[in-house]
Amino acid sequence: MDIRRTILWMIFSFALLLLWNNWQVYQGQPSLFSLTPPAAEPSKPGAPAAGQPAGVPTAAAQPGTPATVPGASAEPEGRKVHLKTDAYDLTFDTTGAQLVQAQLLKYKSLDGDDGPMFLLNDQPGDTYVAQTGVVGAPQGSGYPTHLTPFSLVTPEPVVKGDTLEIAFEATAGQVRVVKTFIVPRDGYDIRVRHDITNLGDQPIDPSLYLQLTRDGNDPPNTSGFYSTFTGAAVYSSEEKFQKVHFDDIAKGKGGYIQQADNGWIGIVQHYFATAWVPPQGTVRTNQALALANNLYAIRTIEPVGTIAPGAQRSVEADLWVGPQDQEAMSEVAPGLELVVDYGWVTIIAKPMFHFMTWLHALLGNWGWTIVVLTLLIKLVFYPLSAASYRSMAKMKLVTPRMQHLKEKFGDDKAKLNAAMMEMYRTEKINPLGGCLPMLVQIPVFIALYWVLLGSVEMRGAPWILWIHDLSVRDPWFILPAIMMATMFLQIKLNPTPPDPTQAKIMMIMPLVFGGMMFLFPAGLVLYWCVNNIVSIIQQRVIMLRLDREKAASASS
């Protein structure tokens with residue numbers, strides 16, 4: 001029983017650690033379980049990094065305030081241009097031809113106004129924009145950047161098949177840039193083409209930068225009781241997927257730099273992501289840096305190549321602005337679907353997510369998909385669960401004898417343990433039989449937890465009656481109450497620990513876990529409720545079988 005007591009204390013301590021961690025996150029402190037990205041070589045503040053072209057603007061453009069650039073084409077004041085598709089309502093600013101607002105029309109805001117979800121925005125304190133520009137030698141050449149005034153080339157978006165095109169033009173120094181956004185009618189992969197023309201009489205060697213700028217605040221409705229990542233991300237075939245926390249960027253002062261010839265850069269938040277995917281095979285410099293006023297930027301800078309006088313060079317890139325749709329993102333670029341990060345249980349979670357998607361195609365409701373998936377998992381693990389419940393049922397049957405032994409031997413631990421082990425051998429009971437089968441299932445349960453927490457498909461998905469969104473908490477707290485009740489019932493079905501302290505811990509655990517679930521997404525709590533109810537049924541059936549076996553053995 002010393003082993004059982006140790007396991008109980010470990011579970012209780014882990015529950016307290018989870019509560020403390022969630023309280024720290026709620027208070028704005030970093031999570032105890034946050035993964036620190038691999039250390040990257042910092043650049044010196046105020047100096048251009050190795051391989052970085054000089055002249056890249058280090059301040060985010062303030063919408064509506066164009067920079068003064070000699071020779072720039074004339075839009076005297078930045079103005080907003082709108083483009084609407086089945087999936088988007090986009091807003092561009094002629095200052096820098098920036099994409100400053102992106103409303104996702106198929107996703108509702110969680111702010112309570114029932115309007116569309118704003119992913120990109122240019123409001124003070126809620127800045128999140130996509131920017132590009134051209135820089136390069138010789139230094140001081142005023143190439144068009146995201147601070148340069150652009151003019152609208154097309155008064156209305158040009159319809160070409162399943163896409164809409166909108167173009168902006170700017171001239172600075174001896175360089176003209178035409179920036180064309182090719183937006184799908186019903187998708188989130190925006191193609192961006194830069195046509196760079198050398199108007200001078202000398203060759204130029206410019207570089208193109210693709211940048212995402214965002215403030216360091218968490219998005220609205222971020223829960224303080226479970227941790228989700230908001231920050232920058234980088235992927236290449238060499239370095240794989242890396243998260244870059246805004247706090248780490250700020251601590252690094254000058255940011256960090258990596259070079260790659262493939263992959264993408266992006267910014268990730270719960271359920272949504274933005275990413276620039278440059279042409280593959282071209283060596284580029286990826287950089288994350290802290291700007292003023294709680295703003296952060298991640299960008300990639302790639303050389304365009306030498307452009308002769310009067311010549312033009314075109315460079316295309318993909319810009320993803322939308323939900324973390326793993327299937328669609330994987331078609332845009334290798335590794336882009338990794339923004340849905342399952343951590344160390346990825347090997348289990350990814351197949352589980354694909355199976356859930358298949359189930360949903362049959363059932364048409366994510367709530368019932370969770371219910372059926374939970375039932376199937378319980379079915380697969382039934383042999384292990386049955387062994388666990390049989391062991392616990394046998395332990396419950398011998399509980400009176402264990403209490404008698406404790407009274408007989410008193411404080412003599414050695415004799416008490418020897419007598420209990422003899423009883424286990426006689427009754428063919430494994431004292432760890434109730435724990436080990438459950439430990440085998442823990443990675444699967446954790447994987448399912450992350451799948452349910454990270455799947456954008458759950459956002460706004462209803463189940464039945466009062467559950468209108470599986471990604472937010474139960475509005476009436478009915479599911480958490482059911483979960484607490486089922487946990488208490490499970491404890492009552494298990495053998496009562498002979499140690500009073502253990503018994504108290506067991507009775508407190510439903511309050512601890514149930515209290516946590518009051519603020520967890522309804523989809524997660526639904527899984528736990530179904531899991532507990534099926535476990536109770538299984539446990540009750542196995543106990544009735546044991547009672548019949550015992551009665552038959554006694555009669556024979």
Side-chain angles (χ1 to χ4, degrees), residues 22 104-117 119 219-229 269-273 322-328 339-342 345 348-378 444-486 513-534:
N22 290 336
L104 308 185
L105 302 180
K106 296 184 179 181
Y107 293 88
K108 290 185 177 180
S109 170
L110 296 182
D111 295 336
D113 59 2
D114 288 331
M117 163 74 184
L119 183 54
N221 299 97
T222 298
S223 174
F225 286 87
Y226 54 89
S227 179
T228 55
F229 175 72
Q269 67 185 60
H270 196 200
Y271 296 135
F272 299 96
Q324 294 178 5
D325 184 333
Q326 297 182 53
E327 182 177 355
V339 295
V340 185
D341 184 19
Y342 299 126
V345 291
I348 304 173
K350 287 189 75 70
M352 187 178 294
F353 170 77
H354 291 304
F355 182 68
M356 281 187 67
T357 304
W358 178 79
L359 273 180
H360 178 260
L362 297 178
L363 301 174
N365 181 286
W366 283 106
W368 292 117
T369 298
I370 293 172
V371 172
V372 172
L373 179 67
T374 309
L375 294 175
L376 292 175
I377 290 176
K378 294 298 290 185
V444 176
F445 295 150
I446 294 176
L448 183 56
Y449 167 87
W450 283 112
V451 168
L452 296 179
L453 184 64
S455 299
V456 69
E457 290 79 4
M458 302 297 160
R459 192 180 187 275
W463 181 38
I464 57 172
L465 300 177
W466 74 100
I467 302 296
H468 303 296
D469 188 346
L470 291 166
S471 70
V472 300
R473 63 177 183 166
D474 183 337
W476 299 102
F477 303 114
I478 295 175
L479 287 177
I482 293 174
M483 179 189 166
M484 292 177 67
T486 53
F513 283 99
M516 292 169 57
M517 291 297 167
F518 269 84
L519 295 172
F520 270 55
L524 289 171
V525 188
L526 173 61
Y527 157 71
W528 281 110
C529 287
V530 176
N531 181 75
N532 286 355
I533 292 171
V534 176

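None of these values were measured; they are calculated from a predicted model.
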Trainee: Testing the basics here: between Ser471 and Pro521, what is the closest heavy-atom pair and its distance to 0.1 Å?
Mentor: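 That closest heavy-atom pairing would be O-CB, 3.6 Å.
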Trainee: Measuring only between side-chain heavy atoms, which start at C-beta, is Trp366 closer than 4.5 Å to Ser455?
Mentor: no
Trainee: CG of Leu452 to CD1 of Ile370: how many Å apart, nearest 0.5 Å?
Mentor: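 Rounded to the nearest 0.5 Å, the CG-CD1 separation comes to 5.0 Å.
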Trainee: What I'd like to find out is whether the side chain of Leu119 reaches to under 4.5 Å of the side chain of Gln269, using heavy atoms alone.
Mentor: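 Touching, per the 4.5 Å side-chain cut-off.
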Trainee: State which residues pass ring-ring contact (aromatic ring centres under 6.0 Å, His included) with Trp463; sequence neighbours excluded, sorted by chain then number.
Mentor: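 Applying ring-ring contact (aromatic ring centres under 6.0 Å, His included) to Trp463 gives Trp368.
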Trainee: Just by distance, with hydrogens left out, do Asp474 and Trp466 show a side-chain donor and acceptor under 3.5 Å apart?
Mentor: yes
Trainee: Who pairs with Asp325 by side-chain hydrogen bond (donor to acceptor under 3.5 Å, both in side chains), at least two apart in sequence or on another chain?
Mentor: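 Asp325 satisfies side-chain hydrogen bond (donor to acceptor under 3.5 Å, both in side chains) with no residue once adjacent residues are dropped.
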Trainee: Considering residues at least two apart in sequence or located in another chain, which fulfil the side chain to side chain contact (heavy atoms under 4.5 Å, CB included) criterion with Val340?
Mentor: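 Checked Val340 against side chain to side chain contact (heavy atoms under 4.5 Å, CB included); matches are Gln324, Gln326, Tyr342.
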Trainee: Mind checking whether Leu524 and Leu453 have side chains closer than 4.5 Å, heavy atoms only?
Mentor: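 Heavy-atom side-chain distance check passes, below 4.5 Å.
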Trainee: With sequence neighbours left out, what residues match Thr486 under side-chain hydrogen bond (donor to acceptor under 3.5 Å, both in side chains)?
Mentor: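 Thr486 satisfies side-chain hydrogen bond (donor to acceptor under 3.5 Å, both in side chains) with Asn532 once adjacent residues are dropped.
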Trainee: Hey, could you give me the CG/CD1 distance between Asn365 and Ile464, rounded to the nearest 0.5 Å?
Mentor: 8.5 Å
Trainee: To the nearest 0.5 angstrom, please state how far the NE2 atom of His360 sits from the CZ atom of Phe355.
Mentor: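 Here the interatomic distance stands at 14.0 Å.
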Trainee: To the nearest 0.5 Å, what is the distance between CD1 (Ile482) and CD1 (Ile533)?
Mentor: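 Ile482 atom CD1 to Ile533 atom CD1 measures 6.5 Å (nearest 0.5 Å).
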Trainee: What's the shortest heavy-atom distance between Leu479 and Cys529, and which atoms?
Mentor: O-SG, 3.1 Å
Trainee: Indicate yes or no: at least one non-hydrogen side-chain atom of Tyr527 is less than 4.5 angstrom from one of Leu448.
Mentor: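 SC-SC contact between Tyr527 and Leu448 confirmed.
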Trainee: Could you tell me which residues satisfy side-chain hydrogen bond (donor to acceptor under 3.5 Å, both in side chains) with Tyr107, sequence neighbours excluded, listed by chain and number?
Mentor: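 Listed in chain order: nothing, the list is empty.
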Trainee: Please name all residues satisfying side chain to side chain contact (heavy atoms under 4.5 Å, CB included) with Phe477, sequence neighbours left out, ordered by chain then number.
Mentor: Arg473, Phe518
Trainee: Tell me every residue that passes side chain to side chain contact (heavy atoms under 4.5 Å, CB included) with Ala447, counting only those two or more places apart in sequence or in another chain.
Mentor: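 Side chain to side chain contact (heavy atoms under 4.5 Å, CB included) list for Ala447, sorted by chain: Val345, Ile348, Ala349, Met352.
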Trainee: Work out which heavy atom in Ile467 is nearest to a heavy atom in Pro475; give both atom names and the distance.
Mentor: CD1-CD, 4.4 Å
Trainee: Can you measure from CH2 (Trp358) to CG (Leu363) and round to the nearest 0.5 angstrom?
Mentor: 8.5 Å
Trainee: Determine yes or no for a side-chain-to-main-chain donor-acceptor pair under 3.5 angstrom, with Arg459 supplying the side chain and Asp469 the backbone.
Mentor: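 The answer is no, because no donor-acceptor pair under 3.5 Å joins these two groups.
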Trainee: So which atom in Pro323 and which in Val456 form the shortest heavy-atom distance, rounded to 0.1 Å?
Mentor: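 What the structure gives for the nearest pair is CB-CG2, 3.9 Å.
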Trainee: Run the side-chain hydrogen bond (donor to acceptor under 3.5 Å, both in side chains) test against Trp476 and tell me which residues pass, sequence neighbours left out.
Mentor: none
Trainee: Can you measure from CG (Asn531) to CG (Leu526) and round to the nearest 0.5 angstrom?
Mentor: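 Those atoms lie 11.0 Å apart.
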